[in-house]
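Along the sequence shown, residues carry numbers from 1.
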Amino acid sequence: SRHAVGQDTEARWSQGGLTDKVKVTKKELDMVVEAVERQTGTTFETLARTVGMGADLALHGEDLPWCPFCNGGDKKERSFSVTVTTDTMLFNCFRANKCNRSGKVSLLKHLRRNGQIATPAEVRVPGAFPNSRRAQAELKKFEIQPSLVISAKVEEYLTETRAIALDVVTRNKIGMRRCWTDRTKTEQDSVIVFPTIVRGEVKGQKMRRLTENVMWKTVNSVNALFGFDNIVGQKEIIIVEGEIDALSCETAGFKNVASVSSGASNESWLEFENTREILMQAERIYLATDCDEAGDESAGRIAAIFGYKKCFRVTWMDGCKDANEVLVKHKADGIREGIRNAKNCRPSGMPDLADSVDEAMTVLTGEMDPERYKGISTGWANLDKFYRPVRGELTVITGTPGSGKTEWLVSLVMQLATKHEGKRFLLFQFEAMSRTIVTQLIEKHIEKRISHKFGSTDVKEQTSMTDEAQKAVTWLDERFVIGAANFDTDITLEAMLECMKLEAEAKEKGGLWGVVIDPYNYIAMPDKRIFSGSGIGETFFISTMLSQLKAFALEHSCHVWIVAHPTKNTSWVDGAKPSLYDIAGSAHWFNKCDMGLILTRETFKLEDGERVITSTLEVEVAKARNREAGQLGTVRFDYDFETRSYQPNEDPVEKEEPREKKDKKRRN
């Protein structure tokens, strides 16, 4: 709410950088105040109060007055910067070497100089000049005054536009006022007055314009619930997020309703007198705040204070945001149904058993799409028996160095994109140049090795390959997005999640079906000083990262694959296989993933004892939390260098010692 140049002025004041400016007298300070008031059409005190109420204040360009000292010079430059805070006004003329006047006006001193003795509590009260008609008009705007009987225009707005019953309007003493519509004071408009009544007395008023969503309160209004008297002694209480919503609930027959006084941002209204005790004594509290993120968070905080057992969350039908929207669209019956169907509040992240039962029944009856819980085919029949990716799940992939984790994972998403129409994938492949990734995707799509043919001297072959590659690029552009490449080590988890969110919400492009992160260790960790002395550094980061990736997958209904390297161990070259617990950094890799894959190259020993690594890839499903989409087991693939693809190897796998025993031996 401050002008940028004004902020610079304030900064230099705080640093003592204006000591060489031309000294300004007290009389000249009053000149500055008068110039600003004349330009803005209001008082300095009102401007200060406006800022204190959180309103935006833009004093720049044509809104600024000419400098009252130099009048902008011959060119009439608007070089006079003004910054208004809740108790001070800073000013500065930037006509260097010509005017250079600057200073600040203290609201308290200004009031005293003009014959009004102000106490600290009165500093923010508008209307400094008792003899000024304009100041008196501004002051009345913020004073508690008797309301006028509502006009036909206001009555029509409340009863027709908002569907509020007239007797409800009368019972709650809703009134109106006439206020200036702009700074010019050329036209007045009606505003609705919502009184805050405590024990039968008006303790505050809140005004709302009819033509726009602009509201303000009277000076010294108590921070009490609108409808405070309605809930005193009630066994059941309804809390809503706006005065109109409270009137809507009463129109539907609920008089035990009150509205928060300052939106869903905080619960400071609980500290007014015995509000907390009133709610504590109630047997049920219906939380009917707005059905948006802020409203949900507010309801959660209130439920945590008064206990989840007695608090019930109201969600309105057909995606309606608040009670008044329900009243307008569905009449009083819609509000009654919403209150009647309110569900017991639960801590954040704790699922509702009834919702889980309903979801389970849709699976049993065949109503749910099998893709949601069984996953989709990988395009490899041998792998489908053990692993199928599912939306909302997280797969961790590890393996021995050089086993081909990246190559196989790219082949997997290419299989998914080819076999299933409309699937789109975001690739974070840090250990490759972007041109290499594109070439790799083209080769896998057309199933040809092209990189060595672009240097061919055969013009026809070169032209044919270029045309084929261009068609592949068009196809790939609709299905793949490169999020990071080129060995980028600066990307943070937050930046990566933001990129993922943007692509997932790009509905015109089809959203996202899957995200590949390869490998994890290129994600920039927070400054290690954050974890100093805690001893949890990388472990804590990995746990948080996996939780956030899993939450993203659930929220955006996509699958996330993340590659993580095992710890450096010379035993991997002797045929031993790593487990998910061997991944560098933390055991969370096994604990928090839904599916865990381990990739190794098949090896065998020669007669002289030398171990030979083959091109056959073994993919072991080492964890399958969702048994509908997979099971533990191992499959094998052979890599075809000409088609750049993996082909299933159906030869029987030689029986090996169970992994549990091998892991136990390794730990011992």
Side-chain angles (χ1 to χ4, degrees), residues 371 375-384 388-389 391 397 404-488 499-500 502-518 556-561 563 615 617 637-648:
E371 180 183 320
I376 61 176
S377 171
T378 62
W380 291 311
N382 62 335
L383 183 61
D384 285 347
R388 291 180 302 277
R391 286 179 180 269
I397 298 176
K405 296 183 288 293
T406 298
E407 188 77 27
W408 183 83
L409 183 53
V410 173
S411 293
L412 172 63
V413 293
M414 178 59 70
Q415 289 272 117
L416 296 174
T418 303
K419 184 174 179 61
H420 306 282
E421 188 64 31
K423 300 293 187 284
R424 191 163 166 267
F425 300 88
L426 174 61
L427 308 179
F428 292 95
Q429 289 189 281
F430 299 103
E431 293 184 328
M433 302 301 290
S434 55
R435 63 176 180 272
T436 305
I437 298 171
V438 173
T439 302
Q440 190 179 31
L441 290 171
I442 292 173
E443 289 182 335
K444 290 185 179 299
H445 176 58
I446 65 176
E447 297 185 338
K448 290 181 182 179
R449 187 181 178 189
I450 64 171
S451 54
H452 70 293
K453 293 186 179 181
F454 278 113
S456 173
T457 56
D458 189 325
V459 177
K460 288 186 178 180
E461 184 181 18
Q462 179 102 9
T463 303
S464 175
M465 191 59 64
T466 302
D467 292 342
E468 196 169 5
Q470 188 58 53
K471 291 178 181 178
V473 168
T474 303
W475 184 89
L476 292 169
D477 188 52
E478 298 175 354
R479 293 163 176 82
F480 292 93
V481 181
I482 298 177
N486 305 325
F487 300 88
D488 184 6
C499 177
M500 292 161 59
L502 289 174
E503 292 298 333
E505 294 178 351
K507 301 303 181 184
E508 71 283 357
K509 298 179 181 178
L512 276 183
W513 201 94
V515 179
V516 171
I517 303 169
D518 179 17
H556 297 281
S557 188
C558 68
H559 195 95
V560 176
W561 292 271
V563 176
S615 61
L617 176 69
F637 295 92
D638 290 324
Y639 186 66
D640 188 329
F641 287 91
E642 288 303 316
T643 62
R644 320 304 285 175
S645 62
Y646 284 89
Q647 303 299 325

*Indicate the ring-plane relationship of Trp380 and Tyr646, choosing parallel, tilted or perpendicular according to the 30° and 60° boundaries.*
perpendicular
_Tell me if the centroids of the rings in Tyr639 and Phe641 come within less than 6.0 Å of each other._
yes
_So which atom in Phe425 and which in Val413 form the shortest heavy-atom distance, rounded to 0.1 Å?_
CE1-O, 3.9 Å
_Pair Phe430, Thr406 - check side-chain contact (heavy atoms from CB on, under 4.5 Å), show working._
CA-CA 10 Å; Phe430 299 103; Thr406 298; over 6 Å; no
*Quick one: closest heavy-atom pair of Arg424 and Glu478, and the distance?*
CD-O, 3.9 Å
_Closest heavy-atom pair and its distance - Ser377, Lys419_ = OG-CE, 3.3 Å
_So Val410 and Asp518, do their side chains get closer than 4.5 Å, heavy atoms only?_
no
*Quick one: CG on Leu383 to CZ on Arg388, what's the gap to the nearest 0.5 Å?*
9.5 Å
*Calculate, to the nearest 0.5 Å, the distance between atoms CD1 and CG belonging to Ile482 and Leu427 respectively.*
6.5 Å
*Under a 4.5 Å cut-off applied to non-hydrogen side-chain atoms, are Leu512 and His556 in contact?*
no
*Is there side-chain contact between Met414 and Arg479, with heavy atoms separated by less than 4.5 Å?*
no
*Verify, without hydrogens or angle tests, whether Gln647 (side chain) and Asp638 (backbone) share a donor-acceptor contact under 3.5 angstrom.*
no
*Would you name the heavy atoms of Cys558 and Gly514 that are closest together and state the gap between them?*
CB-N, 4.2 Å
*To the nearest 0.5 Å, how far apart are CG in Leu441 and CG in Asp477?*
11.5 Å
*For residues Thr378 and Pro389, report the shortest heavy-atom separation together with the two atoms involved.*
CG2-CD, 3.8 Å
*Working for side-chain contact (heavy atoms from CB on, under 4.5 Å), residues Lys444 and Glu407*: CA-CA 10 Å; Lys444 290 185 179 299; Glu407 188 77 27; 2.7 Å; yes
*Sub-4.5 Å side-chain heavy-atom contact between Ile376 and His420*: yes
_Cys499 and Phe428: CA distance, side-chain angles, deciding distance, side-chain contact (heavy atoms from CB on, under 4.5 Å) verdict_ = CA-CA 10 Å; Cys499 177; Phe428 292 95; 4.0 Å; yes
*Verdict with supporting geometry, Ile397 and Trp561, side-chain contact (heavy atoms from CB on, under 4.5 Å)*: CA-CA 7 Å; Ile397 298 176; Trp561 292 271; 4.1 Å; yes
*Side chains of Ile437 and Phe480: closer than 4.5 Å at any heavy-atom pair?*
no
*Drop me the distance from Gln440's CD to Gln429's CD, to the nearest 0.5 angstrom.*
6.0 Å
*Are any non-hydrogen side-chain atoms of Trp475 and Thr418 less than 4.5 angstrom apart?*
yes
